Amino acid sequence: MAETLITSEVDFEAEGKQSGYLRVPHSVDRSAYGWLPVPITILRNGAGPTLIVSAGVHGDEYEGQIAVAELANDLAVEDIIGRLILLPMVNAPAAAAGRRMSPVDDGNMNRLYPGDPKGTPSEMIAHFHEEVLLPRADYAVDLHSGGESLKYPATLLRGPGHTPEEEAGLEKLTEAFDLPYAWVFTSGGGRNSTARTAMGAANRKGVINVMAELGGGNVVTREVLALARRGLRRTLHALGMLPDYAPDAPRGTRLLHAKGSIYVYEPGLFEPLKDIGEAVSTGEVVAVIHHPETQGRQPDEVTSPYEGIVLAIRSLAQVRRGDAIFQIAADAG
Ligand SMILES: [Zn+2]
């Protein structure tokens with residue numbers, strides 16, 4: 001077992017269904033011997049693959065937290081073949097606060113892997129995720145969303161396969177999840193990944209893994225949540241882990257490559273002229289930035305340096321220099 005100060009209330013090797021907490025030691029004024037609780041549920045039923053489904057690496061991304069907690073509540077061990085590890089609130093303090101960053105240590109966990117076993121709580125959790133949990137997994141799904149500041153359509157994210165087996169596994173997960181969009185990375189990944197994300201952690205451990213961006217803007221929509229619920233069950237079924245589930249017909253996924261984000265230079269109020277999924281051309285005006293504090297000042301126009309479609313859009317009207325207002329992607333291939 002890797003060095004860690006985190007203890008687990010559940011036994012990763014035991015058969016059956018267990019729910020409990022990872023205890024992240026946290027000694028503070030109000031609780032000298034206390035720990036921060038990271039909820040975890042494990043279902044294990046005989047031989048089969050191990051899948052980790054995580055959400056709440058960023059605390060203000062809610063659809064995944066709901067869908068993972070629901071699986072933990074709803075599934076009985078007899079429903080499963082193999083081992084399913086469910087983490088609905090990986091960075092639990094951030095999730096409890098509804099924030100991207102943890103209020104305990106300002107940790108943005110998806111920028112902290114591989115973490116530090118003796119670091120801050122966010123670093124300790126990242127380390128535990130990478131060094132204790134992921135080495136046990138064959139597959140991993142990490143659920144995100146646009147959070148407070150962005151909105152995405154339901155979008156799967158996957159890297160390039162570095163071996164025929166990895167490519168086949170990634171295609172299988174993409175088809176199984178069956179979200180409307182997939183953002184396919186053209187580089188990175190693999191065992192030598194240096195990414196400080198949960199995806200980078202899974203890649204370093206040789207785990208076939210995808211992530212998803214599910215909605216955002218601090219709300220939960222019925223449409224996106226339904227796609228997340230369906231996608232997780234379809235994925236379990238496709239891996240042979242939920243044999244009695246009867247998937248409906250696939251709807252198909254539009255495969256995209258990211259082109260880049262469009263940034264603001266003038267602070268003000270962001271008026272979008274494009275919605276998610278709309279086409280943009282190079283040089284086209286896609287937003288105006290208003291300046292109500294200065295009488296007579298005309299709005300600034302923002303043009304797109306890219307051709308493609310809008311994949312993500314900023315959900316907050318106030319903007320400062322350096323804020324991304326759109327992410328643009330284009331059809332893959
Ligand atoms: Zn996120």
Side-chain angles (χ1 to χ4, degrees), residues 38-39 52-69 86-115 120-123 125-130 133-134 140-159 173 177 179-185 188-189 193 195-203 207 209-221 224-225 227-228 231-232 256 258 260-261 276 311-316 323-327 329:
V38 177
I52 298 177
V53 185
S54 53
V57 163
H58 287 138
D60 60 348
E61 303 174 359
Y62 301 107
E63 299 82 354
Q65 295 181 44
I66 293 172
V68 177
L86 298 169
L87 295 151
M89 296 167 78
V90 176
N91 199 350
R99 290 184 49 198
R100 181 174 181 85
M101 330 269 292
S102 170
V104 173
D105 53 22
D106 266 344
N108 177 353
M109 216 172 116
N110 224 29
R111 304 291 183 272
L112 287 178
Y113 292 86
T120 64
S122 297
E123 289 170 334
I125 300 167
H127 174 267
F128 192 91
H129 192 185
E130 177 154 350
L133 295 176
L134 284 165
V141 176
D142 187 37
L143 301 176
H144 287 251
S145 87
E148 177 179 340
S149 72
L150 290 172
K151 279 188 291 191
Y152 274 92
T155 305
L156 186 108
L157 279 64
R158 53 151 291 192
L173 291 178
F177 223 109
L179 295 180
Y181 296 94
W183 166 7
V184 182
F185 303 161
S193 173
R196 303 203 66 185
T197 59
M199 177 179 267
N203 285 331
V207 180
N209 76 99
V210 295
M211 62 179 279
E213 298 285 2
L214 302 165
N218 262 346
V219 298
V220 171
T221 66
V224 173
L225 186 55
L227 289 167
L232 287 176
L256 302 170
S261 295
I276 284 172
L311 180 58
I313 185 169
R314 180 175 171 85
S315 55
L316 300 176
D323 286 339
I325 52 173
F326 294 108
Q327 184 186 27

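What you are looking at is a predicted structure, and each value in this text was computed from that prediction instead of being measured. When a residue number appears, it is its place in the shown sequence, counting from 1. Ligands are counted one by one from 1 in listed order, and the atoms in each one are counted from 1 as well.
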Step-by-step side chain to side chain donor-acceptor pair (under 3.5 Å) determination, Asp142 to Ser54: CA-CA 5 Å; Asp142 187 37; Ser54 53; 2.7 Å; yes
side-chain contact (heavy atoms from CB on, under 4.5 Å) between Val141 and Asn209, intermediate numbers included: CA-CA 6 Å; Val141 176; Asn209 76 99; over 6 Å; no
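Considering every non-hydrogen atom in both Gln65 and Pro88, the closest pair reads CG-O, 3.2 Å.
Not one N or O on the side chain of Asp105 forms a donor-acceptor pair closer than 3.5 Å with the backbone of Thr120.
Restricting His58 to its N/O/S atoms, the shortest distance to the Zn ion (ligand 1) is reached by ND1. Nearest N, O or S atom of His144 to the Zn ion (ligand 1): atom ND1.
Residue contact annotation: Glu61 places an N/O/S atom under 2.8 Å from the Zn ion (ligand 1).
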